[in-house]
Amino acid sequence: MLAVKLLLAPSFVVGASLATRRFGARIGGLTGGLPVVAGPIVLVYALTHGRMFAADAAAGTLLGLISLIAFVVVYGRLAGRLSWTASMLAGWAVFAAATAVFTIVSLPAGACLALAGGAIAAGLAALPRPPHAPSPHAPPPAWDLPLRAGCALALVLTLTAVAGWLGPQLSGLLAPFPIIATVLAVFTHAQRGPEELVRLLRGLLSGFGAFALFFFTLAVSLPSLDTPAAFALASGVALLAQALLIASARRRQAVGSTGLVAEPAASES
């Protein structure tokens, strides 16, 4: 359990950050949309409190995903005119308000999945589209990745420490607390500006489909499968869905790049 807390979530934050640098903000966002923080948190719940606690928490996490989407949309809408601090705090406030509403709601996993899917579509419609192609940026400082990992670790330790007192419903609602979304959004906003941030956040929202499938699979499989088998099955479903999304996004990027190159060539002729 200590290894799960100390290694998994910070490692995934670093991995998503490296993907952003290598392949661009949208691909980095898609990578960050995987349950790379909430998944380890629910795994800790299963190891600490048992499979049924974790199954109930997984169903609650699907509703918590709607709160996470609200954070992403609010941050993205405000980032063009407010600082990263104000945007982050406003997003956190909306996440907390949505979580408070969902504490009085109890729905089957299928209904939670449908609501989460509708929230993803609504979030993509609500986020602005970046107007320009991405521009090159200076390399980040050497302390960038360690600081991102440290921020993720601090938030994971806090959430897992209080889970036993909160019960499965509220623990599940808080599992999608925007840990990786906050770390990626704040650093991208501060270092690369609001347009690159919006690309990242749109990628995150697109990637949340795999997030939702992961927790739906956990919610329905943990009561009948042991913990390793349920998490292996959920991980396979999420990775397959995300691989398809990333392949589609890279094809669109390639087509867009070809168009940008062809347009000047046509004008010269």
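In this text, all values refer to a predicted model and were calculated from it rather than measured experimentally.
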> Is Leu173 reachable from Met52 through a run of hydrophobic residues whose side-chain heavy atoms are each under 4.5 Å from the next?
Replying inline: no
> What's in the same ILVMFWY side-chain cluster as Leu82, cut-off under 4.5 Å, chained through other members?
Replying inline: Val74, Leu78, Val94
> Should the pair Tyr45 and His49 be assigned to parallel (<30°), tilted (30 to 60°) or perpendicular (>60°) ring geometry?
Replying inline: tilted
>> So, taking the atom named CZ in Arg202 and the one named CZ in Arg129, what distance separates them when rounded to the nearest 0.5 Å?
In response: 4.0 Å
> Does a side-chain heavy-atom distance below 4.5 Å link Phe208 with Leu65?
Replying inline: yes
N/O donor to acceptor pairs below 3.5 angstrom from side-chain atoms of residues 106-127, sequence neighbours left out:
none

> Measuring from Ile66:CD1 to Phe102:CZ, what's the distance to the nearest 0.5 Å?
Replying inline: 4.0 Å
>> Using side chain to side chain contact (heavy atoms under 4.5 Å, CB included), reason through Phe211 and Thr61 one step at a time and then give a plain yes or no.
In response: CA-CA 10 Å; Phe211 185 110; Thr61 301; 3.9 Å; yes
>> Under the side chain to side chain donor-acceptor pair (under 3.5 Å) definition, can you give me all pairs with a residue in residues 68-84, not counting sequence neighbours?
In response: Tyr75-His189
>> To the closest 0.5 Å, what do you measure between CZ (Phe187) and CG (Leu200)?
In response: 13.0 Å
> Going hydrophobic residue to hydrophobic residue with side-chain gaps under 4.5 angstrom, can you get from Leu197 over to Met88?
Replying inline: yes
>> Hydrophobic clustering (ILVMFWY, side-chain heavy atoms < 4.5 Å, transitive) - are Leu47 and Val42 grouped together?
In response: yes
> Is there a path of hydrophobic side-chain contacts, each under 4.5 Å between heavy atoms of I, L, V, M, F, W or Y residues, that connects Leu89 with Val186?
Replying inline: yes
> Which pairs pass side chain to side chain donor-acceptor pair (under 3.5 Å) with one or both residues in residues 178-187, sequence neighbours excluded?
Replying inline: Trp92-Thr182
In a table with atom names and distances, give each donor-acceptor pair under 3.5 Å that connects a side chain of residues 218-241 to protein atoms at least two apart or in another chain.
from   : atom 1 : to     : atom 2 : distance (Å)
Ser221 : OG     : Thr217 : O      : 2.6
Ser224 : OG     : Ser221 : O      : 3.3
Asp226 : OD1    : Ala229 : N      : 3.0
Ser235 : OG     : Phe231 : O      : 2.7

> Any idea which heavy atoms bring Phe95 and Gly64 closest together, and the distance?
Replying inline: CE1-O, 4.0 Å
> What are the two closest non-hydrogen atoms of Pro35 and Phe215, and how far apart are they?
Replying inline: CB-CE1, 3.6 Å
> Can Leu213 be reached from Leu63 by stepping across I, L, V, M, F, W or Y side chains whose heavy atoms are under 4.5 Å apart?
Replying inline: no
>> Restricting to non-hydrogen atoms, name the atom on Ala181 and the atom on Leu68 that form the minimum distance, rounded to 0.1 Å.
In response: CB-CD1, 4.1 Å
> What's in the same ILVMFWY side-chain cluster as Val198, cut-off under 4.5 Å, chained through other members?
Replying inline: none
> Looking only at heavy atoms, which two atoms of Gly91 and Phe71 are closest? And how far apart?
Replying inline: C-CD1, 3.2 Å
